[in-house]
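FYI, side chains are in, hydrogens and waters are out, and symmetry mates aren't considered; it's all heavy atoms of this structure. Residue numbers start from 1 in every chain, and the chains themselves are labelled A, B, ... in the order their sequence lines are given, proteins ahead of strands.
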Number of protein chains: 2
Amino acid sequence: MEDEVDRLVAAWRRERPDLDVEPLEVLSRVSRLARHLDRARRLAFSEHQLEPWEFDVLTALRRAGTPYQLSPGQLLTQTLVTSGTMTNRIDRLAKKGLVERLPDPSDRRGVLVRLTDEGRDRADQSLAGLLAQERAILGELSRAQRSELAALLRQLTAPFDNIPG
Amino acid sequence: MEDEVDRLVAAWRRERPDLDVEPLEVLSRVSRLARHLDRARRLAFSEHQLEPWEFDVLTALRRAGTPYQLSPGQLLTQTLVTSGTMTNRIDRLAKKGLVERLPDPSDRRGVLVRLTDEGRDRADQSLAGLLAQERAILGELSRAQRSELAALLRQLTAPFDNIPG
DNA sequence: CCACACTGTCTCGACGTCAAGAGAGTCGAC
DNA sequence: GTCGACTCTCTTGACGTCGAGACAGTGTGG
């Protein structure tokens with residue numbers, strides 16, 4: 001089945017036959033798919049009265065395991081936002097009672113963000129919802145294809161995740 | 001090589017061994033990679049004094065071929081933004097002299113957005129820059145792997161692009 | 001020919017993000 | 001010890017996006 005990127009690539013080949021636009025076949029699809037996923041996630045989370053950004057922060061803390069706390073800096077690397085954004089997110093989640101800020105006992109510059117009990121429940125509930133939705137989207141692919149796809153994507157993400165930039 | 005999603009998935013398996021988090025192997029990588037790509041594109045375009053959103057609109061018009069014009073509605077489906085956003089983008093591009101608004105002769109509700117000569121030049125220049133950068137990112141993969149990856153991604157994007165949602 | 005539902009674009013206010021930089025605290029070299 | 005480079009978090013102001021709705025124009029069924 002044809003998608004929007006097929007049309008996009010065909011158009012470039014007509015308009016700029018001098019250029020090799022093959023990279024777009026992969027990376028434009030990644031960008032567009034991510035955009036579709038954002039929209040789908042927004043819808044899925046609205047049933048739990050949760051925004052995607054709230055989910056990202058709460059689940060990062062949930063994954064950390066007891067006592068469910070991380071520094072703002074650790075949250076930055078997991079969520080790929082800037083520090084100003086993270087300060088703002090923590091403020092709002094704290095106001096809603098889903099996280100709390102504690103001083104870091106071992107570094108007085110530092111802060112620890114800890115999940116409250118309610119925050120933990122919300123994280124657990126919405127993760128289940130997200131997985132259900134993602135499974136539906138991936139229904140197109142066989143198990144073997146999914147693992148093939150994951151492996152190829154890992155090759156592209158690893159440099160970004162390991163050489164900080 | 002391990003990436004951040006490997007760590008994320010391992011953490012979930014430890015914290016929530018009752019859940020099957022395999023879908024994250026694919027879709028979390030897509031979202032994170034898109035975020036890294038956004039940052040990289042922002043950097044690449046800054047050499048051309050162009051924002052990513054400007055690139056998206058100008059190249060959509062460029063791809064349309066002479067006379068390089070599309071309706072705002074057509075631009076929406078290509079760029080995956082809302083109509084309010086597109087109005088705003090067209091305003092700003094028009095103020096910079098890169099596009100102009102013309103009345104649609106066949107529908108008096110409608111508008112046609114047309115690329116100016118300068119807009120066309122900027123689109124052409126920055127496309128070349130983007131492709132160079134993307135080629136560097138994809139250097140990790142062989143030609144066969146890239147086409148395998150493109151085919152798998154197409155299966156996921158096609159439903160979104162064809163069943164409007 | 002005239003309702004009436006629909007389409008295409010724009011307006012508006014609220015919101016989240018970013019980049020740049022400030023301020024407090026840490027730690028190694030000397 | 002203490003100077004200076006570095007790290008960590010937060011502040012600020014500008015900016016872009018979104019969602020909801022307004023409005024003009026279209027075109028179809030009765």
Side-chain angles (χ1 to χ4, degrees), chain A residues 31 34-43 45-46 49-58 60 69-96 99-114 164-165, chain B residues 31 34-43 45-46 49-58 69-96 98-114 164-165:
Chain A
S31 293
R35 227 154 147 58
H36 287 303
L37 290 175
D38 267 358
R39 292 182 168 190
R41 291 207 309 162
R42 195 177 308 273
L43 257 173
F45 290 144
S46 65
Q49 285 87 47
L50 216 57
E51 299 293 322
W53 65 263
E54 297 180 292
F55 176 86
D56 288 341
V57 177
L58 296 180
Q69 60 189 23
L70 291 173
S71 70
Q74 292 173 305
L75 288 171
L76 291 191
T77 72
Q78 295 210 24
T79 55
L80 298 178
V81 296
T82 61
S83 65
T85 298
M86 188 51 68
T87 298
N88 186 17
R89 288 184 174 187
I90 296 167
D91 286 347
R92 284 174 283 156
L93 287 171
K95 201 167 295 174
K96 291 176 85 170
V99 307
E100 55 191 342
R101 267 198 187 83
L102 307 171
D104 182 338
S106 67
D107 184 339
R108 275 191 296 169
R109 292 167 304 181
V111 165
L112 291 175
V113 181
R114 173 145 67 187
Chain B
S31 293
R35 225 150 150 61
H36 287 304
L37 291 175
D38 268 358
R39 292 182 169 189
R41 291 207 308 162
R42 196 177 308 275
L43 258 172
F45 291 143
S46 65
Q49 285 87 47
L50 216 56
E51 298 294 324
W53 65 261
E54 297 179 292
F55 176 85
D56 288 341
V57 177
L58 295 180
Q69 59 189 23
L70 291 173
S71 71
Q74 292 174 306
L75 288 170
L76 292 190
T77 71
Q78 295 210 24
T79 56
L80 298 177
V81 297
T82 60
S83 65
T85 297
M86 187 51 67
T87 298
N88 187 16
R89 287 183 174 187
I90 296 167
D91 285 348
R92 284 173 282 156
L93 288 171
K95 201 167 296 175
K96 291 176 85 170
L98 302 178
V99 306
E100 54 191 342
R101 267 199 187 84
L102 308 171
D104 182 337
S106 67
D107 183 338
R108 276 192 295 170
R109 291 167 305 183
V111 165
L112 290 175
V113 181
R114 173 146 65 187

**Student:** Please say whether more than 12 non-hydrogen atoms of neighbouring residues, nucleotides or ligands are located less than 6.0 Å from CZ in B:Arg101.
**Tutor:** yes

**Student:** When we call it a touch if two heavy atoms are under 4.0 Å apart, what does B:Asp104 touch: a base, just sugar-phosphate, or nothing?
**Tutor:**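 Touches nothing.
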
**Student:** Taking atom C1' of C:dG16 as reference, at what distance in whole Å does atom CZ of A:Phe55 sit?
**Tutor:**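 After rounding, the reported distance stands at 19 Å.
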
**Student:** Any side-chain N or O of B:Arg101 below 4.0 angstrom from OP1/OP2 of C:dT9?
**Tutor:** no

**Student:** Rounded to whole angstroms, how far apart are CD1 on B:Ile90 and P on D:dT17?
**Tutor:**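 The answer, rounded to whole Å, is 12 Å.
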
**Student:** Output the rounded distance in Å from CD (B:Glu54) to P (D:dC15).
**Tutor:** 13 Å

**Student:** Do the side-chain N or O atoms of B:Arg35 get closer than 4.0 angstrom to the phosphate oxygens (OP1, OP2) of C:dC18?
**Tutor:**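 Result: yes.
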
**Student:** Using atom types as modelled and distance alone, determine if a side-chain donor or acceptor of A:Thr85 lies under 3.5 Å from a backbone N or O of A:Val81.
**Tutor:**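 Checked: no pair found.
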
**Student:** Given D:dA24, is OP1 or OP2 found less than 4.0 Å from the side-chain N or O atoms of B:Arg108?
**Tutor:**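 No, because none of the side-chain N or O atoms of B:Arg108 sits under 4.0 Å from OP1 or OP2 of D:dA24.
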
**Student:** Using whole Å, report how far CG of B:Asp38 lies from C1' of D:dG16.
**Tutor:**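 Value for this atom pair: 13 Å.
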
**Student:** Taking only side-chain nitrogens and oxygens of B:Arg89, does any of them come within less than 4.0 Å of OP1 or OP2 of D:dT17?
**Tutor:** yes

**Student:** With nearest nucleotide decided by heavy atoms, which residue, A:Leu112 or A:Arg42, maps closer to the 5′ end of DNA chain D?
**Tutor:**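 Residue closer to the 5' terminus by nearest nucleotide: A:Leu112.
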
**Student:** Are any of B:Arg92's side-chain N or O atoms less than 4.0 Å away from OP1 or OP2 of D:dT17?
**Tutor:** yes

**Student:** Do side-chain atoms of A:Gln74 reach the backbone of A:Ser71 as a donor and acceptor pair under 3.5 angstrom?
**Tutor:** yes

**Student:** Given atom CD of A:Glu51 and atom P of C:dG16, what is their separation to the nearest angstrom?
**Tutor:**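 A:Glu51 atom CD is separated from C:dG16 atom P by 7 Å.
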
**Student:** Closer than 4.0 angstrom, basic N to acidic O: yes or no for A:Lys96 and A:Glu54?
**Tutor:** yes

**Student:** Just wondering, do B:Leu50 and B:Leu58 contact through their side chains at under 4.5 Å, heavy atoms?
**Tutor:** yes

**Student:** Is the shortest side-chain N to carboxylate O distance from A:Arg109 to A:Asp104 below 4.0 Å?
**Tutor:**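 So A:Arg109 does not pair with A:Asp104 through a salt bridge.
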
**Student:** With a 4.0 Å heavy-atom cut-off, tell me which residues in residues 72-84 of chain A come close to DNA chain C, sorted by residue number.
**Tutor:** A:Val81, A:Thr82, A:Gly84

**Student:** Within the 4.5 Å heavy-atom criterion, are B:Trp53 and B:Leu93 side-chain neighbours or not?
**Tutor:**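 Yes, close enough: below the 4.5 Å cut-off.
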
**Student:** Tell whether B:Arg109 reaches the base of C:dT7 with its side chain through a donor-acceptor pair below 3.5 angstrom.
**Tutor:**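 Pair found.
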
**Student:** Which residue, A:Asn88 or A:Ser106, contacts DNA chain C at a nucleotide closer to its 5' end, judged by nearest heavy atom?
**Tutor:** A:Asn88

**Student:** Please report, rounded to the nearest Å, how far the P atom of D:dT17 is from the CG atom of B:Asp56.
**Tutor:**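 Those two atoms, CG and P, are 9 Å apart.
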
**Student:** Kindly say if A:Trp53 contacts the phosphate of C:dG16, meaning a side-chain N or O under 4.0 Å from OP1 or OP2.
**Tutor:** yes

**Student:** Rounded off to whole Å, could you give me the CZ-to-C1' distance for the A:Phe45 and D:dC18 pair?
**Tutor:**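 It works out to 18 Å between those atoms.
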
**Student:** On the nucleotide D:dT17, are OP1 or OP2 found under 4.0 Å from the side-chain N or O atoms that B:Thr85 carries?
**Tutor:** no

**Student:** Keeping the roles fixed (side chain from A:Arg39, backbone from B:Leu80), state whether a donor-acceptor pair exists under 3.5 Å.
**Tutor:** yes

**Student:** To the nearest angstrom, how far is A:Met86 atom CE from D:dT12 atom C1'?
**Tutor:**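 After rounding, the gap between these two atoms is 19 Å.
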
